[in-house]
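First up is the structure itself, then whatever we jot down about it.
Start at 1 and go down the list; that is how both ligands and their atoms are numbered. In this chain, numbering begins with 1 at the start of the sequence shown.
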Amino acid sequence: MITAPPSTSGPKAGDAQAVLTIDLAALAENWRQLAMRVAPATCAAVVKADAYGIGIEAAVPALVAAGCKVFFVAHVSEARRVRALDSKVDIYVLNGLLPTAVEPCLALNLRPVLGSLSEARLWVAAAGAAPCALHVDTGMKRLGAGLAEIPDLAALRLNADLLMTHFVASENPGDPLNRQQIERFAEIRALLPPMRASLANSSALFLPEQPFGDLVRPGYALYGGNPTPGLDNPMRAVLRLDAPILQTRVIEAGEKVGYNAQWTANRRTRLATIGIGYADGLPRQAMSTDAKPGGEAIVAGHRVPFAGRVSMDLTVLDITDVPETDVRAGTRACLLGPEISIDDLGARAGTIGYEVLTRLGQRYHRVYVTE
Ligand SMILES: *Cc1c(COP(=O)(O)O)cnc(C)c1O
């Protein structure tokens, strides 16, 4: 049966510097919200890349308890971890079928998402009527069988219980590619034996076309990412990241901060150094230089900017505008939380929240909150 989520993981509180708080109640609520949105279609959960960095061992039990019965991973190694937590749920492996994956898929009752005629032939030869999914390409040109392979696939005795495709630009509701892909998918589906249909990732759940099919595959939105960029985030935040201030100091106008002296104080400036850097997944491109602003943190209720480059283990904040009595060594700076989302940090680092999430480091003391 299902294992309970852990209450903490990673280095213990006293040994770690930064603390990552993961709200599993918010994760469960996000899943329930999406499940209600798409009903009567089934809502699965994508937990590839260690559940987008938050931890498979924490995310899967919380999602199962919320009612989720279908999981998607990218790799067999991830599927093994999900299977170890629950013997019953359906587990689909998105990255297709390498010959080495056949045996673990059979032994662990995993469903490979077959993405070409040759993968389908390999599966039928080795696994006979064992269930699988079939991925067809409607525009991404990454994985998925092409139109030319469909007649041969239709003739195979493949026990595919799910026909899926993946959107190229579902976060842009105005992009004509969305409608094109929905149409191409319908055309391909008509050429194949009857199967349940699955098209939608997180953002596609918010498209006006409502391309829910029979089963949807959200990932990012479950973890609190905004599936509707440019609009208010309909999801609850799941992560909070706090790092302690190690030192504070005052520098004079004209003095410079950090590697390669890329940030210059334009006034008498108070700095705080925090114990988190790019080795912890704080994007190096969140650096703040004289040429561009960078990341921000919340210190004692004030929003403060980064000063200089993000180092491996350290980052410097400009806390001049925080009352001096509110800050000392040990005060925590919040880098992700109610006021700074993963989407915000991604944008300030020239990347996307998905990358912020999946690069979360291994040095955090992780605390899992369940209510
Ligand atoms: C990662 C992935 C998803 C989930 O996408 P999100 O944008 O994170 O919701 C769904 N389907 C496929 C094929 C994927 O690779």
Side-chain angles (χ1 to χ4, degrees), residues 27 30-31 33-35 37-38 41-54 56 59-60 63 68 70-76 78-79 82 90-97 110-116 119 132-145 160 162-173 175 177-178 181-182 184-185 188 196-207 210-229 233-236 238-239 341-343 346 351-360:
L27 173 74
N30 286 341
W31 183 84
Q33 184 199 323
L34 298 180
R37 184 178 187 86
V38 304
T42 300
C43 189
V46 180
V47 294
K48 62 194 179 189
D50 201 19
Y52 288 50
I54 79 162
I56 281 181
V60 169
L63 289 163
C68 183
V70 183
F71 291 86
F72 286 82
V73 295
H75 289 227
V76 168
E78 298 163 342
V82 178
D90 292 346
I91 305 172
Y92 291 92
V93 184
L94 286 167
N95 272 13
L97 189 69
L110 312 177
R111 300 175 186 203
V113 177
L114 306 172
S116 67
E119 287 182 4
C132 58
L134 181 59
H135 186 173
V136 293
D137 178 48
T138 55
M140 185 73 94
K141 304 288 190 292
R142 194 175 68 168
L143 294 174
L162 194 65
L163 183 69
M164 56 168 271
T165 195
H166 192 48
F167 283 109
V168 172
S170 59
E171 76 284 8
N172 301 323
D175 197 318
L177 278 173
N178 294 315
Q181 287 190 273
I182 293 168
R184 268 187 213 156
F185 184 76
I188 294 173
R196 293 183 303 159
S198 176
L199 303 85
N201 68 330
S202 296
S203 288
L205 300 193
F206 296 84
L207 284 175
Q210 305 199 326
F212 304 155
D214 300 293
L215 182 145
V216 298
R217 312 185 305 269
Y220 191 53
L222 297 175
Y223 308 103
N226 188 355
T228 57
N233 188 349
M235 312 314 298
R236 268 185 62 182
V238 171
L239 291 186
S341 70
I342 49 183
D343 293 279
T351 182
I352 54 176
Y354 286 74
E355 192 176 9
V356 170
L357 271 182
T358 55
R359 292 199 169 182
L360 289 170

Do ligand 1 and Y220 have nitrogen or oxygen atoms that lie under 3.5 Å from each other?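 Looking only at distances, the answer is yes, because the N/O contact criterion of under 3.5 Å is met.
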
Checklist line | ligand 1 N/O within reach of M164 N/O, cut-off under 3.5 Å | finding: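 There is no such contact.
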
Atoms of ligand 1, numbered as shown, that sit under 4.0 Å from any heavy atom of [X]:
X: K48; result: 1 (C), 2 (C), 3 (C), 14 (C), 15 (O)
X: P218; result: 9 (O)
X: Y52; result: 1 (C), 4 (C), 5 (O), 6 (P), 8 (O)

Requested in this report: Look at the aromatic rings of Y223 and Y52 and report parallel, tilted or perpendicular, splitting at 30° and 60°.
Outcome: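 Answer is parallel, since the angle falls under 30°.
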
With a 4.0 Å heavy-atom cut-off (strictly under), which part of [X] contacts ligand 1: side chain, backbone, both or neither?
X: N201; result: both
X: H166; result: side chain
X: V113; result: neither

What is the distance from atom [atom1] of [X] to atom [atom2] of [Y], rounded to the nearest 0.5 Å?
X: M164; Y: D214; atom1: CE; atom2: CG; answer: 13.5 Å
X: F71; Y: D90; atom1: CZ; atom2: CG; answer: 10.0 Å
X: I352; Y: I342; atom1: CD1; atom2: CD1; answer: 10.0 Å
X: C43; Y: L205; atom1: SG; atom2: CG; answer: 6.5 Å

- prompt: Are F72 and ligand 1 in contact, using a heavy-atom cut-off of under 4.0 Å?
  reply: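 The answer is no, since F72 has no heavy atom less than 4.0 Å from ligand 1.
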
task: Determine, using heavy atoms of E171 and all atoms of ligand 1, whether some pair is separated by less than 4.0 Å.
output: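 No, E171 has no heavy atom closer than 4.0 Å to ligand 1.
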
Nearest protein heavy-atom contact for [atom]: which residue, which atom, what distance?
atom: atom 7 (O) of ligand 1; value: Y354 OH, 2.5 Å
atom: atom 10 (C) of ligand 1; value: R217 O, 3.4 Å
atom: atom 9 (O) of ligand 1; value: S202 OG, 2.5 Å

For a quick check under 3.5 Å, do S203 and E171 share a side-chain donor-acceptor pair by atom type?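 Distance-only check fails for S203 and E171.
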
message = Testing the 3.5 Å rule here: is there a donor-acceptor pair between the side chains of N201 and S170?
response =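 Present: a donor and an acceptor within the cut-off.
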
(message) Tell me whether R37 forms a cation-pi arrangement with F206, defined as NZ or CZ under 6.0 Å from the six-membered ring centre and within 45 degrees of its axis.
(response)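 Yes - R37 lies over the ring of F206, closer than 6.0 Å to its centre and within 45° of its axis.
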
Legend entry - Residues D343, Y354; criterion side chain to side chain donor-acceptor pair (under 3.5 Å); working and verdict: CA-CA 8 Å; D343 293 279; Y354 286 74; over 6 Å; no

